[in-house]
> 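Pasting in a structure now, in structure tokens, and then I'll have a few things to ask.
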2 protein chains.
Amino acid sequence: MGEKYNKYSKYYVAVDCVIFGYTNDDLKLLLYHRGFEPAKGMWSLIGGFVGETESSDTAARRILKNITGLDEIYLEQVQAFTEPKRDIEDRVISITYYALIRIDKHNSDKVRENGAHWWSMKALPAFIFDHKEMVDKALEKLQLKAGLELVGSELLPDKFTLLQLRKLYEAIFQKELDTGNFRKKVLSLKVLQRLDEKNTTESRRGAYYFKFIEGAKEKSFERIVKI
Amino acid sequence: MGEKYNKYSKYYVAVDCVIFGYTNDDLKLLLYHRGFEPAKGMWSLIGGFVGETESSDTAARRILKNITGLDEIYLEQVQAFTEPKRDIEDRVISITYYALIRIDKHNSDKVRENGAHWWSMKALPAFIFDHKEMVDKALEKLQLKAGLELVGSELLPDKFTLLQLRKLYEAIFQKELDTGNFRKKVLSLKVLQRLDEKNTTESRRGAYYFKFIEGAKEKSFERIVKI
DNA sequence: GCAAAAGTGTTAAAACTACACCCATGC
DNA sequence: GCATGGGTGTAGTTTTAACACTTTTGC
């Protein structure tokens, strides 16, 4: 390696992942419990250091695979957090990502082994360092995405009802949405296909299942929810 | 400092700034000419390394102040670029920012001394490393911002005509906008105040100058240009 | 008089919003 | 029969988009 830069300092570089999942009408985050001082008992995002041969994207995928068993996770960089004293131990630059996880597909034993737990977004615990800020930024970014294109295939089971989809959107935007209007908006995008099968567990009448049409990306930047 | 992390590697951390300015109906970028091999003759964003006591935000402000003489620049983080081999010399993580500069206010002598030049977005030169990608991402982010709130105070002189504002928007979105509709949309936001003074240099008839009303933030997330 | 930008007006289509209302079914 | 979500319909308003037209003034 060259030595042109050696009057400058180097720092540790880590990734932290805001892992969103969705079950039971509830948007959730996968978090680690911190079992040692300092900040023992608080919760942290799942993260790790960036290795010498990998990009931060690759590192995030490695870490996510490790803990959830899943490949091909939807992943987006949020931003870098760089305050010199953000980590108590030493200077660490954190590059934050958010990930969308199908809880029904992930390896829950592995998660448990690793000491991670799913927390509802409605009642999050105390975070270490600047992790709360990371979560806030990640949610903002998720809202931006969900407002411009229909998310769901990354979070819902393969087949789902429009109630489930609406509840997901309500969880993401943390507000209630009109049943009829949401339905019309979503169906107008032509990315969902109705199946000949009904879900009868969530309502008396039963609601048709829908699935995402393979490869049918809605025309970009349709507005789904006004933010 | 602690030694808990010392089995991990450290890397150089730099910031690169995509500096937007606007003059003569033209959106511009401030770039450095690279005077040495490798990649001699190509152009690079303006950047520098992050010091031990500063965050990347602070570093970006320091570098911007150095080259433009300006404090209080509008600055937003774009994202981190982390490919292991993105820099030829050694591994450097780049945290990319974009900045909006009032060209009429900046110190152009200083810029010249530093070997920087303004390039029109319409005809950009060849960039080193991944700097082209940084510019693309920065423009996307600027479009997102400009689509949701009225930018201009950061790029235009204190008083400006609606023609100038529209030309700025056309430069940002790289497409033509309807005169009448743009005018109505922009004025409906109630953030501009018409002055009793006309600009007669850009049209025969003369156009009223406008200025931004101090502190009048439009209600957040109005849509100005559909993206 | 012409060109060029300033500024206003018109109109149809599309999108948004807030509802009302009937349907199907398990309890 | 009633509560619950499923699903459709409607009506008023707002927003968008395209473009016509009138004004002003230097050349």
Side-chain angles (χ1 to χ4, degrees), chain A residues 24-26 146-150 156 159-171 173 175-211 218-227, chain B residues 24-26 146-150 156 159-171 173 175-211 218-227:
Chain A
N24 302 118
D25 300 354
D26 214 10
L148 294 171
E149 63 187 274
L150 198 61
L156 293 170
K159 56 185 186 183
F160 50 87
T161 65
L162 292 184
L163 174 63
Q164 290 167 337
L165 184 60
R166 179 164 54 83
K167 290 287 182 193
L168 169 60
Y169 263 78
E170 292 182 349
F173 288 95
K175 68 175 180 187
E176 294 199 350
L177 299 171
D178 181 275
T179 323
N181 295 338
F182 181 79
R183 181 183 204 88
K184 271 172 283 186
K185 182 73 202 182
V186 156
L187 291 179
S188 76
L189 299 173
K190 308 260 186 243
V191 292
L192 296 184
Q193 186 186 337
R194 203 183 77 180
L195 305 179
D196 283 332
E197 194 186 346
K198 283 192 171 190
N199 169 319
T200 51
T201 64
E202 292 188 320
S203 70
R204 313 241 188 272
R205 179 174 169 182
Y208 280 109
Y209 278 119
F210 286 79
K211 65 165 190 172
E218 64 264 44
K219 55 185 179 301
S220 50
F221 298 124
E222 183 67 34
R223 175 183 278 175
I224 296 165
V225 174
K226 190 171 170 179
I227 52 172
Chain B
N24 301 118
D25 300 354
D26 215 10
L148 294 172
E149 64 186 274
L150 197 61
L156 294 170
K159 55 185 186 183
F160 51 86
T161 65
L162 292 185
L163 174 63
Q164 291 166 336
L165 184 60
R166 178 165 54 82
K167 289 288 182 192
L168 168 60
Y169 263 79
E170 291 181 349
F173 288 96
K175 69 175 179 185
E176 294 198 349
L177 299 171
D178 181 275
T179 324
N181 294 339
F182 181 79
R183 180 182 204 88
K184 272 172 283 186
K185 181 75 200 180
V186 156
L187 292 179
S188 76
L189 300 174
K190 308 263 187 239
V191 291
L192 296 184
Q193 185 186 339
R194 202 182 77 179
L195 305 178
D196 282 331
E197 194 185 346
K198 284 193 170 188
N199 169 319
T200 51
T201 64
E202 291 188 322
S203 70
R204 312 238 188 275
R205 179 175 169 182
Y208 280 107
Y209 278 118
F210 286 79
K211 65 165 189 171
E218 65 265 44
K219 54 185 181 300
S220 50
F221 299 123
E222 184 68 33
R223 174 183 278 177
I224 295 165
V225 174
K226 189 170 170 178
I227 52 172

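Within every chain, numbering begins at 1; the chains are lettered A, B, ... in the order of the sequence lines, protein sequences first and strands thereafter. On a predicted model such as this, the values are computed, not experimentally measured, just so you know.
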> Looking only at side-chain N and O atoms, does B/Lys185 come under 4.0 Å of OP1 or OP2 in D/dT16?
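So the side-chain polar atoms of B/Lys185 do come within 4.0 Å of the phosphate oxygens OP1 or OP2 of D/dT16, strictly under.
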
> B/Lys184 has a side chain; which of D/dG9, D/dA18, C/dA5 sits nearest to it?
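Closest of the options to the side chain of B/Lys184: D/dA18.
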
> What's the CG-P distance between A/Leu177 and C/dC19, to the nearest Å?
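One finds 15 Å between P of C/dC19 and CG of A/Leu177, rounded.
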
> Looking only at side-chain atoms of A/Asn181, point me to the closest of D/dA18, C/dA6, C/dC19.
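Selected nucleotide: C/dC19.
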
> Base of C/dA24, side chain of A/Arg205 - is there a donor-acceptor contact under 3.5 Å?
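Check fails, no donor-acceptor contact within cut-off.
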
> Grab the CD-P distance between A/Gln164 and D/dT4 for me, whole Å please.
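Result: 19 Å.
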
> Taking OP1 and OP2 of D/dT8, is either one under 4.0 Å from a side-chain nitrogen or oxygen of A/Arg183?
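Yes, within the criterion.
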
> Give the rounded distance in Å between these two atoms: CZ of A/Phe160 and C1' of D/dG6.
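Distance check: A/Phe160 CZ to D/dG6 C1' gives 16 Å.
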
> Is it the case that more than 12 heavy atoms not belonging to B/Lys198 sit under 6.0 Å from its NZ atom?
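More than 12 heavy atoms, drawn from other residues, nucleotides or ligands, come within 6.0 Å of this atom.
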
> A/Lys167 versus A/Leu163: any side-chain heavy-atom pair under 4.5 Å?
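Answer yes - side chains close enough.
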
> Which value, rounded to the nearest 0.5 Å, describes the distance between A/Leu165 atom CG and A/Phe182 atom CZ?
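So the gap between those two atoms works out to 4.0 Å.
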
> Can you work out whether B/Gly206 or A/Ala207 has the more 5'-proximal nearest nucleotide on DNA chain D?
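By nearest-heavy-atom nucleotide position, the 5'-most residue is A/Ala207.
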
> Give a yes or no on this: more than 12 heavy atoms of other residues, nucleotides or ligands lie within 6.0 Å of atom CD of A/Glu202.
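Yes, the 6.0 Å shell around CD holds more than 12 heavy atoms from other groups.
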
> B/Asp178 has an atom CG; how far is it from atom C1' of D/dC21, in whole Å?
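Between C1' of D/dC21 and CG of B/Asp178: 13 Å.
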
> I need the CD-C1' distance between B/Glu202 and D/dT24, as an integer number of Å.
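These atoms are roughly 16 Å apart.
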
> After noting the C-alpha distance and the side-chain angles of B/Thr161 and B/Tyr209, does the key distance pass the side chain to side chain contact (heavy atoms under 4.5 Å, CB included) rule?
CA-CA 5 Å; B/Thr161 65; B/Tyr209 278 118; 4.1 Å; yes

> Measure from the side chain of B/Tyr208, starting at C-beta and using heavy atoms only, and say which of D/dT10, C/dA3, C/dG7 lies closest.
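The answer is C/dG7, which lies nearest to the side chain.
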
> A/Arg204 CZ to D/dG7 P: how many Å, rounded?
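After rounding, the reported distance stands at 16 Å.
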
> Pick the nucleotide of DNA chain D nearest each of A/Thr161 and B/Lys198; which residue has the one closer to the 5' end?
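Upstream on the strand: A/Thr161.
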
> In this structure, how many angstroms lie between the C1' atom of D/dA17 and the CD atom of B/Glu176, rounded?
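Whole-Å distance recorded here is 15 Å.
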
> Measure the distance from CG on A/Leu162 to C1' on D/dG7 and round it to the nearest whole Å.
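These atoms are roughly 10 Å apart.
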
